[in-house]
Amino acid sequence: MRRFRFSEPGFEAAFAAFVEERRETPDDVDALVRDILAAVRAEGLEAVLRFGHQFDRANVSAENIRVTPEEIEAGAAQCAPEVREAIAFAAKRIRTYHERQRPADQWFTDEAGVELGWRWTPLEAVGIYVPGGRAAYPSTVLMNAVPAAAAGVERIAMVTPPGRLQPAVLAAAKEAGVTEIWRVGGAQAVGALAYGAGPILPVDKIVGPGNAFVTAAKRRVYGTVGIDALAGPSEIVVVSDAASRPDWIAADLLSQAEHDPAAQSILITDDEAFADAVEAQIALQLGSLETRDDATVSLRNHGAVIIAPLSEAPRLVNMIAPEHVEFALDEPERLADQVRHAGAIFLGRHAPEAVGDYVAGSNHVLPTSRAARFSSGLSLYDFIKRTSIVKCDEAAFAILGPPTVALADAEGLPAHARSAAIRLGQG
């Protein structure tokens, strides 16, 4: 891991350059994704099946592309009891957390006598992309589907690359309220959800992580459907003093590095000897880590240790705007309260980011690549929309009408002006 020292000349410039380094996949996939989406839009299911054979070598047909309720039940039943219990435990906490986010409808009369308000309603249909291949991701199912169900979304369509569906994924889908599952992945899955493809009906919004092809496809279909975000590689910053156990902090840094070779793990500490101890623990733990290849590349290319006064930590965190930040300190709020840009903040030495990934209840779908400067993590709000309501009687309109006419005339829109003037007896 690279090391930056606040006390050394040139720290600010070197750190700023580090923050700006790009970690996205360098391959140019957009042209291929464009062609895939155009084919799916024109040909529907035929194109979806063709690309499945081409890219996934999948033996999927129109007859078996949908996972049947019987398959879901049978697969979920194969899930280990302790995993099923953990899924139910996590789902309950996620549901409770997100239900608390539900906003209230409003209706009031203002000083002009105009009745105003807004009403919240759920989306009708949502598509959830659940990755396959590298691992099984029941937590992805829970974090995307449970808030949608809590919001009142009636149709939750899940797509996942063809192959063996892991029992834990099926158990999570059943627990979370997924209404249908389709054996399709990649850009063609995004196209099917956006445009429809045979039995796969279009949705209103697509959420969930994926590879570069999925991300590029989500970017292209935005506007036809809504999307959650354009996910980049995972990130963690850990702010810790020397009172923490080095092996704990090492494990926290590795928990993100193992995600992907492009993931990023950063330690900010005021104690160089502690930083040395953490790095020694990382080397030790890597030896027995099954995901050590990805973690090693991640730490070598994108990891960093920053030696700086802890009073500087909030400013440095705000510059990074990370997906996750841990404050492994005795009084974490003292510094954490100064952080404006982070997807999720974990307070104290017993709040590792891993609990947020699974069972804390908060959502683990968070902004990456510095997007925490302007966006938030997935929530109930992603699955509801607000409709404005206006009601005027004659007396109220007598107050609103004249300035409406004046503004419409100023903008050169005579029909707008007439629409108001005619009600004032002027047209």
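Along the sequence shown, residues are numbered consecutively beginning with 1.
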Legend entry - Under-4.0 Å salt bridge between Asp241 and Arg349: yes
Legend entry - Arg3 with Glu8: basic N within carboxylate O range, under 4.0 Å: no
Inset, instruction - Check whether any side-chain heavy atom of Tyr97 lies under 4.5 Å from a side-chain heavy atom of Asn363, and answer yes or no. - result: no
Inset, instruction - Please test Thr160 against Tyr137 for side chain to side chain contact (heavy atoms under 4.5 Å, CB included), starting from the C-alpha separation and ending with a verdict. - result: CA-CA 10 Å; Thr160 191; Tyr137 295 102; over 6 Å; no
Legend entry - Heavy-atom pair with the smallest gap, counting every atom of Gln256 and Glu235: OE1-O, 4.0 Å
Inset, instruction - For Glu333, look at atom CD and say whether over 12 heavy atoms of other residues, nucleotides or ligands are found less than 6.0 Å away. - result: yes
Inset, instruction - Take atom NE2 of His341 as the centre, draw a 6.0 Å sphere, and report whether it contains more than 12 heavy atoms from other residues, nucleotides or ligands. - result: yes
Legend entry - CZ (Arg57) with more than 12 external heavy atoms under 6.0 Å: no
Inset, instruction - Run the salt-bridge test on Arg370 and Glu20 with the 4.0 Å N-O cut-off and return the result as yes or no. - result: yes
Inset, instruction - State whether the number of non-hydrogen atoms from other residues, nucleotides or ligands found under 6.0 Å of Arg2 atom CZ is greater than 12. - result: yes
Inset, instruction - Compare every heavy atom of Val153 with every heavy atom of Pro122, then report the nearest pair and how far apart it is. - result: CB-N, 4.0 Å
Legend entry - Nearest heavy atoms of Pro167 and Gly75, plus distance in Å: CB-O, 3.2 Å
Inset, instruction - Compare all side-chain heavy atoms of Leu380 with those of Glu99 and state whether any distance is below 4.5 angstrom. - result: no
Legend entry - Partner set under side chain to side chain contact (heavy atoms under 4.5 Å, CB included) for Ala47, not counting sequence neighbours: Ala39, Val40, Glu43, Arg50, Phe51
Inset, instruction - Measure the acute angle between the ring planes of Phe346 and His324, then classify it against the limits of 30° and 60° as parallel, tilted or perpendicular. - result: tilted
Legend entry - Test item: Lys218 and Tyr129 side chains (from C-beta on) under 4.5 Å apart, heavy atoms: no
Inset, instruction - Decide if atom CZ of Arg5 counts as having more than 12 heavy atoms of other residues, nucleotides or ligands within a radius under 6.0 Å. - result: yes
Legend entry - Distance in Å, Ile87 CD1 paired with Lys174 NZ, rounded so as to fall on 0.5 Å steps: 11.0 Å
Legend entry - Beyond-backbone contact of Ile65 with Val48, side-chain heavy atoms, under 4.5 angstrom: yes
Inset, instruction - List the atom of Ala168, the atom of Pro138, and the distance in Å for their closest heavy-atom pair. - result: O-CB, 3.5 Å
Inset, instruction - Report yes if the side chains of Gln188 and Asp56 come closer than 4.5 Å at any heavy-atom pair, otherwise no. - result: yes
Inset, instruction - Give a yes or no on whether the backbone of Thr68 and the side-chain of Glu71 come within a donor-acceptor separation of less than 3.5 Å. - result: yes
Inset, instruction - Apply the test side chain to side chain contact (heavy atoms under 4.5 Å, CB included) to residues Leu310 and Leu329: give CA-CA distance (whole Å), side-chain angles for both, the deciding distance (0.1 Å), then the verdict. - result: CA-CA 10 Å; Leu310 292 184; Leu329 305 165; 3.9 Å; yes
Inset, instruction - Decide if atom CZ of Arg315 counts as having more than 12 heavy atoms of other residues, nucleotides or ligands within a radius under 6.0 Å. - result: yes
Legend entry - Residue Arg386 excluded, over 12 heavy atoms near CZ under 6.0 Å: no
Inset, instruction - Can you establish whether the number of heavy atoms outside Gln101 located under 6.0 Å from its atom CD is more than 12? - result: yes
Inset, instruction - Start with the C-alpha gap between Tyr358 and Arg93, add the side-chain angles, then the distance that decides, and say whether side chain to side chain contact (heavy atoms under 4.5 Å, CB included) holds. - result: CA-CA 10 Å; Tyr358 298 108; Arg93 294 185 60 82; over 6 Å; no
Legend entry - Minimal non-hydrogen separation, Thr215 against Leu230, with atom names: O-CD2, 3.6 Å
Inset, instruction - Work out which heavy atom in Lys391 is nearest to a heavy atom in Trp107; give both atom names and the distance. - result: CB-CH2, 4.0 Å
Legend entry - Asp294/Asp260 under side chain to side chain contact (heavy atoms under 4.5 Å, CB included): CA gap, chis, key distance, verdict: CA-CA 6 Å; Asp294 284 349; Asp260 188 282; 5.9 Å; no
Inset, instruction - Please tell me if the side chains of Leu193 and Val159 come closer than 4.5 Å, counting only heavy atoms from C-beta onward. - result: yes
Legend entry - Parallel, tilted or perpendicular: rings of Phe11 and Phe6 (30°, 60°): perpendicular
Inset, instruction - Could you tell me how the ring of Phe4 sits relative to the ring of Phe18: parallel (under 30°), tilted (30 to 60°) or perpendicular (over 60°)? - result: tilted
Inset, instruction - With the side chain counted from C-beta on, respond yes when Asp247 and Gln285 share a heavy-atom pair under 4.5 Å apart, and no when they do not. - result: yes
Inset, instruction - For the residue pair Ser265 and Leu299, establish whether any side-chain heavy-atom pair is separated by less than 4.5 Å. - result: yes
